[in-house]
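This report concerns only the one structure given below.
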There are 2 protein chains.
Amino acid sequence: MKIEKSLLSGSTPMLVLALLKDGDKYGYEMIEELDRRSDHTFELKEGTLYPLLHALEKERFVTSYAKQTAGGRERKYYSLTSKGLEQLAYKEKEWRHFTTAVDAVLGFAVAEGNMSLAPAPATI
Amino acid sequence: MKIEKSLLSGSTPMLVLALLKDGDKYGYEMIEELDRRSDHTFELKEGTLYPLLHALEKERFVTSYAKQTAGGRERKYYSLTSKGLEQLAYKEKEWRHFTTAVDAVLGFAVAEGNMSLAPAPATI
DNA sequence: ACATATACCTCGGTCATCTATGTCTATTAT
DNA sequence: ATAATAGACATAGATGACCGAGGTATATGT
């Protein structure tokens, strides 16, 4: 199934950080891995990923280093920092909150406790 | 919890259609209803909603009519068309697919059958 | 009478993603 | 040997979604 691209908007940084949680990766590899893990739902474009990686590095969520392949080709590997791991945890929490809220609007039953509802105010 | 606004991007039309499934509503009412149902997660702005409603009407997903309040004020009510109902069903399906794919990338266990995986091709 | 809430609307800015394009190197096909 | 393809990085400009800010007008509360 093809997903309207704007749906993905906003969750891309989280997905990239999630990929790096399982080990250092280079850009091109992330695109393939994301495509594979999502069963072809997310076909991230290079024009999206590379600028995003630069932004994540600027914010110190990831660091990068160059590494040679056996063939002599150079790759730029990215590594998750502890700050990036914290950010991932935050983004995952935000993601849970978001999907719970959408499901609530769509009218799906929500398991109690999920929405962290404030206790109902006393009606005088 | 505050949600980064770009997360919502793309799912807004679905949410609006979902609201109208429960009966005709006017714009201002939808904003309040969305805020209420989502426990203040979605605070849709007028600058977002009104142009969106016009677009939905243009695509024949909704129709509109004017109606007076007891006080004499005029409101513009929107009503879901059968085409809009179909669109909502499609968008909900897309939404399920999307969240399943994100969860797969995040590494959460996925209930079997959800991802509609093609049977593994025979490896010769 | 004045402020606030209700109710509609539009314009322009911001930001995320994609399209298109470019570069360079390694591998595969002819 | 040479051409074509795939791998790997990068950026510029277009598109599109959402919001901020502003505008108009009526009803209600003080």
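In what follows, every chain begins at residue 1, and chains take the letters A, B, ... in the order their sequences are listed. Worth knowing before you read on, the calculation uses all heavy atoms, side chains too, and leaves out hydrogens, waters and symmetry mates.
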Nearest-Å distance, CG (A:L56) to P (D:dA10)?
-> 13 Å
Spatial distance of atom CZ (B:F42) from atom OG1 (B:T48) [nearest 0.5 Å] = 13.0 Å
Contact list for DNA chain C against residues 4-12 of chain A - heavy-atom distance below 4.0 Å = A:K5, A:L8, A:S9, A:G10, A:T12
Closest nucleotide among C:dC18, C:dT17, D:dA8 to the A:P13 side chain | C:dT17
Heavy-atom donor-acceptor pair, B:S38 side chain to A:A101 backbone, under 3.5 Å = no
For A:L52 and D:dA10, what is the distance between atoms CG and P respectively, to the nearest whole Å?
-> 12 Å
Expected output: side-chain B:K5 to main-chain B:I3 donor-acceptor under 3.5 Å | no
Hey, which of B:K76, B:E57, B:H54 is the one that makes side-chain hydrogen bond (donor to acceptor under 3.5 Å, both in side chains) with B:S64?
-> B:E57
Hey, which of these two, A:G47 or A:R75, hits DNA chain D nearer its 5' end, going by closest nucleotide?
-> A:R75
Taking OP1 and OP2 of C:dC8, is either one under 4.0 Å from a side-chain nitrogen or oxygen of B:H54?
-> no
Quiz: residues 13-30 of chain B side-chain donor-acceptor pairs under 3.5 angstrom, not counting sequence neighbours:
unit_1: B:D22; atom_1: OD2; unit_2: B:R37; atom_2: NH2; d: 2.7
unit_1: B:D24; atom_1: OD1; unit_2: B:S79; atom_2: OG; d: 3.2
unit_1: B:D24; atom_1: OD2; unit_2: B:Y65; atom_2: OH; d: 2.6
unit_1: B:K25; atom_1: NZ; unit_2: B:L19; atom_2: O; d: 3.2
unit_1: B:K25; atom_1: NZ; unit_2: B:G23; atom_2: O; d: 3.3
unit_1: B:Y26; atom_1: OH; unit_2: B:R75; atom_2: NH2; d: 3.3
unit_1: B:E29; atom_1: OE1; unit_2: B:Y26; atom_2: N; d: 3.2

Could you tell me the separation between the OH atom of A:Y77 and the C1' atom of D:dA8, rounded to a whole number of Å?
-> 11 Å
Main-chain N/O of B:R60 paired with B:T81 side-chain donor or acceptor, under 3.5 Å = yes
Within residues 27-36 of chain A: residues closer than 4.0 Å to DNA chain D (heavy atoms) = A:G27, A:Y28
Provide the closest heavy-atom pair for B:K45 versus B:I31 in the form atom of the first, atom of the second, distance.
-> C-CD1, 4.3 Å
Can you give one letter per nucleotide of nucleotides 22-30 of chain D, going 5' to 3': B for a protein heavy atom under 4.0 Å from the base, S for sugar-phosphate only, - for none?
-> ----BS---
Minimum-distance nucleotide (side-chain atoms of A:T48 versus D:dA10, D:dC19, C:dT17) = C:dT17
Check the pair A:M1 / B:E94 against side chain to side chain contact (heavy atoms under 4.5 Å, CB included), numbers first and verdict last.
-> CA-CA 8 Å; A:M1 183 180 194; B:E94 190 185 49; 3.6 Å; yes
State which residues pass side chain to side chain contact (heavy atoms under 4.5 Å, CB included) with B:E86; sequence neighbours excluded, sorted by chain then number.
-> none
In dot-bracket notation, what is the pairing pattern of DNA chain C, taking Watson-Crick (N1-N3 plus N6-O4 or O6-N4) and G-U wobble (N1-O2 and O6-N3) contacts under 3.5 Å, with [ ] crossing and | for other strands?
-> ||||||||||||||||||||||||||||||
Would you mind reading off the distance between A:I3 atom CD1 and C:dC18 atom P, rounded to a whole angstrom?
-> 13 Å
Does a nitrogen or oxygen in the side chain of B:Y50 sit under 4.0 Å from OP1 or OP2 of C:dT10?
-> no
Side chain of A:P51 (C-beta onward), nearest among C:dC18, D:dT11, D:dC9 = D:dT11
Return the value, rounded to whole Å, for the distance between atom NZ of B:K45 and atom P of C:dT10.
-> 19 Å
Between A:H40 and A:R36, is there a donor-acceptor pair closer than 3.5 Å when you use the side chain of the first and the backbone of the second?
-> no
Under a 4.5 Å cut-off applied to non-hydrogen side-chain atoms, are A:E92 and A:H97 in contact?
-> no
So B:Y78 and B:F61, side chain to side chain contact (heavy atoms under 4.5 Å, CB included) or not? Walk me through it.
-> CA-CA 10 Å; B:Y78 287 89; B:F61 293 143; over 6 Å; no
Nearest whole angstrom, please: distance from the P of C:dT25 to the NZ of A:K76.
-> 17 Å
Can you tell which of A:T100, A:L106, A:V105, A:T99 makes a side-chain contact (heavy atoms from CB on, under 4.5 Å) with A:V102?
-> A:L106
State plainly whether the residues B:E4 and A:K91 are in salt-bridge range, i.e. N to O under 4.0 Å.
-> yes
